[in-house]
Structure formats: structure tokens, C-alpha cells
Amino acid sequence: MIANSIPPRAALAAALLLAAPVSGLAQAKPRAMAPTRTLAPAAPAPAAAKPAAPPFDERGPWRLGASIGWEWDTTPDSDLAGPRLQVELERDLVRLGRRGQLSFVAAGAWWHATDEERVDLGAGYVMTAEATANLLEVTPSFRASFSPLPRLRLFAELGAGGARVQGTIEVRTETPLGDFSAEETADDWAGVLRLAAGGTWAIDDRFRVGVQLPTFHWRFGEGKSRSFALSAVAAYAF
Amino acid sequence: MKTPRTALLALLLAVLSPAAARGADVPLPPPPPGTTLAPASPPGRHTVALHAGFLAQGGIGSPALQFDVGRDWITWKRFQLELHLPVRVARPHWEGSIYDASGFPVGTTEDTQWIFEAAPSIRAGLPVAPGLALHLQLGVGLALTSEEHVEDETFVGVTTDRQLVLAPSLQAALGLTYRLGEKLSVVFQPLVLGARAKADGSTLSALWGLSYRL
């Protein structure tokens, strides 16, 4: 009887209106009535600690970097030294806390080291020994970085890889009767252990510049050698 | 009549709307006929890994290859203990000279060693970040060393000495493991120290590896 007297559109509207509070009640949590009480004067809120700013967001997780520097052979009885060029590809892996980051670095480097010794034997006899070493190495490594400031990133890196060394020793003897020279070339393979530390500054969300100082290398081939390098670094994020 | 049907529909909406809000409780449809839902397989407890790097003995370096089989053991506090059996092979090789009493070179030497080591080990892994764990590995095992020493001396000729030595060995490694996927991980051990009885000296290795969970 009632259905016959209610217009259909009105019945539908009424049902929809009924449905809204019912569905709301189905998900609403029961609320207890708040007791009335006299509020005491509010205590001053403690000074909120300023949260540490997160690291500067770069354009992508990949970074292509290049470094140029100088490397010294610190093995006893060796004075080899020369320029070092390195190209590296870095990929962010996992965050270490709020301001830390672990990344993987694949680096390839070339070191051109030279040394010259000159001995004057007297009576017009002079002996000069020139040593030249060209080293190509590939060193994958893990890099842990920390950002004390949003744009500043300090890092430490540990890696292991291999190197190919080509060495040449030329001995020239200058005498009153003429000059003589002898040259010997040798190739060697060496395992490399690398430890580096440094810092970079983000210019914008793509470019970053910094320094790698110091970088230590231990090389194990037909003998053990160690070296020390200082480099300037630039990287492009993508 | 339209009105009773409309009213009925409206009342149905009013009753069912709370249930409609719980759409996430709808169960999955049944699998197609002739098939069954595959049960989720638990992760395997065994791993196999292949490592490559270098081994240095007395400053002489050589390539090193290591095959490793591992098995999850127990979890102690935050450390995950695993049992491992690494088998490593390396080939140090070096050349030298023979000098007479006055310091004049009179010959050359050539030494080649083949080192096979197997050291059952315990690895303690400490997770430090999602997918990243540091580990310390200690093992005691056996090392088989085949040595060949060749001397070529003026007015003496070529002499060759061969020796086969089986001796106990100790290994300690420090490294990290990063999970690349569900079953694949990369293992980096930049510091692996080893000591063999009846050997000229201790060894230092650095190894990169890929581990696969069976």
C-alpha cells in the first residue's frame, strides 16, 4: 500500500540517502563521548627538533663520472709517478638510513708513470735510466656515501679488480766515444685492491663535482706494489 | 508495476552498500577447468656460487677461481648463520735469477704452483639494509699444493723439482652480499686471508661472485 503511494524517483532518492549513512556507519569506528572537564592552562610546547634535511635529489640512479689526478708509486725503491685518468659508471643500490646510500661503481683507469735516474760517472761518462709504465685497470667496487648537507656527499669506496701493466726500461750511456742505449720491455698482469675516499658537491640535479683524496692501490703481480693518488672528479646523473 | 520494482531496487542498494564497501574481501575466481592453483614455493635453503678474483702469496699475484656451495643453518639473534664449502684454485707463478758469489747472474729460475683448497666454513651474515648483508666467514680445511721448481744454470743445465703437499689450511673472509633478485645475489669478499701449513707464507685474496639460491 505504501509502495503504491510513493513516487518511484522519490523512493530511489530516499533509498540512496539512507545508504550513505549506513555505509558510513559500517566503516566508522565507535566513538566514546568525551567527558567534560576543566582544562588546565596548556604547557608551552617543547621546541620541535629541526629534522635533518634529506640528500639532494638527483635526476636518476645512474652517474657517469670522470676523474683526473696524479698517482705516486709508494713502493720502496720506486719513484714512478704520473697522471691518472679514470672513467666510472655508478648505480645507486640501496639507501643506508636517512642520509646514506650504497652504490656500485665500475671504474676503468689509465696511469702513465715515469721515472728517470741520471748518474754522472765522470770523465765524460753519463748513464741515464728511464722507466716508463702504462697501466690499464678495471676495478668494480662498492661505494658507501653519506650526506651531512643536502648537496654535499662524502664517500668511502672499496673495490677489487685487475690491471695490465706494460713497463719499459731504457738505459742510455753517454761516452766520449758515442752514445749507447739498451731497452727492455715487459708485460705483467696484477690483481688490484683499491681503497678510496672523497667528497662531491651537487651543482644541480645532474652535475656533481668533487675530489677523491686519498686513493690507495695495492697491486699483486710478479711483485707487490702500492700507490697513492689524488684526483678531481666530475659526474653526470641520468 | 515500476514503483514496487524501483523501491525494491532502492531498498536493495541501501542494504548492500556497506557490503559493497568491502570489495577487497572478494575471493579469487576459481582456476580454469583442468588446472589447479600452484602453491607458493618456499625459498630454497641451498645456494651455489661462483667467485673470481686474485690470490696473492708473498706478493706474487695470480688469478683465482672459487666454487661455493652453501646451506642456511640457523638464525642467532640478528645473525643468519650458513654452512659453506668453498673450493678454490689458484696458480701463482714467478721467475727469478741465480747469481754467483760475485753477484754475476748465472742462471734463471721458474716456479709454478697449483693450489687447491677446500675449507668447510661457517658464514655469519648481518642484514644492514634491504637486500644488503655484511658477513664474516671462518673455515678450516685442507689444501693440496703442486709445486714445480725449474733451475737453468750456466754450465750446470736444467734441473726440475716437483713436490706435492697436502696440508691443513685456515681461511677467514670479510665481505658483503647484495640481493639482485629473488634468487640471485652478488657476493663481494675484498679480504680473504688464508694460511696453509708447510707453505711459504699466508695468502690474501679478493673475490667477486654470483650466488644462486636453489
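Note on naming: letters A, B, ... go to the chains in the order of the sequence lines (proteins, then strands), and numbering restarts at 1 for each one. All heavy atoms count here, side chains included; hydrogens, waters and symmetry mates do not.
No donor-acceptor pair under 3.5 Å is formed between the side chain of B/Glu153 and the backbone N or O of B/Val158.
Counting all heavy atoms, side chain and backbone alike, A/Pro140 lies closest to A/Gly161 at CD-CA, 4.2 Å. Nearest heavy atom pair, residue A/Gly159 against residue A/Thr139, reads C-CG2, 3.9 Å.
A heavy-atom distance below 4.5 Å is found between the side chains of B/Gln171 and B/Pro86. Considering only heavy atoms from C-beta on, A/Gln212 comes within 4.5 Å of A/Phe155 through its side chain. With a 4.5 Å cut-off on side-chain heavy atoms, B/Val87 and B/Val89 do not count as touching. Side-chain atoms of A/Leu136 and A/Gln166, non-hydrogen and from C-beta on, never get closer than 4.5 Å to each other.
Contact annotation for A/Ser225: neither backbone nor side-chain heavy atoms come within less than 4.5 Å of a heavy atom of chain B. Neither the backbone nor the side chain of A/Trp218 comes within contact range of chain B, judged by heavy atoms closer than 4.5 Å. Heavy-atom distances place no part of B/Leu191 under 4.5 Å from chain A, backbone and side chain included. Interface remark: B/Leu204 contributes side-chain atoms only to the contact with chain A (heavy atom separation under 4.5 Å).
Taking B/Ser102 as the reference, B/Asp100 meet the side chain to side chain donor-acceptor pair (under 3.5 Å) condition, with sequence neighbours excluded.
The pair A/Arg219-A/Asp73 does not meet the salt-bridge criterion, since no charged nitrogen lies less than 4.0 angstrom from a carboxylate oxygen.
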Item to check | Worked verdict on A/Glu90 versus A/Arg208 for salt bridge (charged side-chain N to carboxylate O under 4.0 Å, His left out) | outcome: CA-CA 13 Å; A/Glu90 182 182 357; A/Arg208 187 173 274 278; over 6 Å; no
Item to check | Pair B/Val165-B/Gln113, side chain to side chain contact (heavy atoms under 4.5 Å, CB included): steps then yes or no | outcome: CA-CA 11 Å; B/Val165 178; B/Gln113 284 186 351; over 6 Å; no
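No other option in A/Leu93, A/Leu102, A/Leu158, A/Asp188 has as many heavy-atom pairs under 4.5 Å with chain B as A/Leu93.
Contacts between residues 60-68 of chain B and chain A, defined by a heavy-atom separation under 4.5 Å, are made by B/Ile60, B/Gly61, B/Ser62, B/Pro63. For residues 117-149 of chain B, a heavy-atom distance under 4.5 Å to chain A picks out B/Ala129, B/Pro130, B/Leu132, given by residue number.
Applying the ring-ring contact (aromatic ring centres under 6.0 Å, His included) rule to pairs touching residues 190-214 of chain B yields A/Phe104-B/Trp208, A/Phe142-B/Trp208, B/Phe188-B/Trp208, sequence neighbours excluded.
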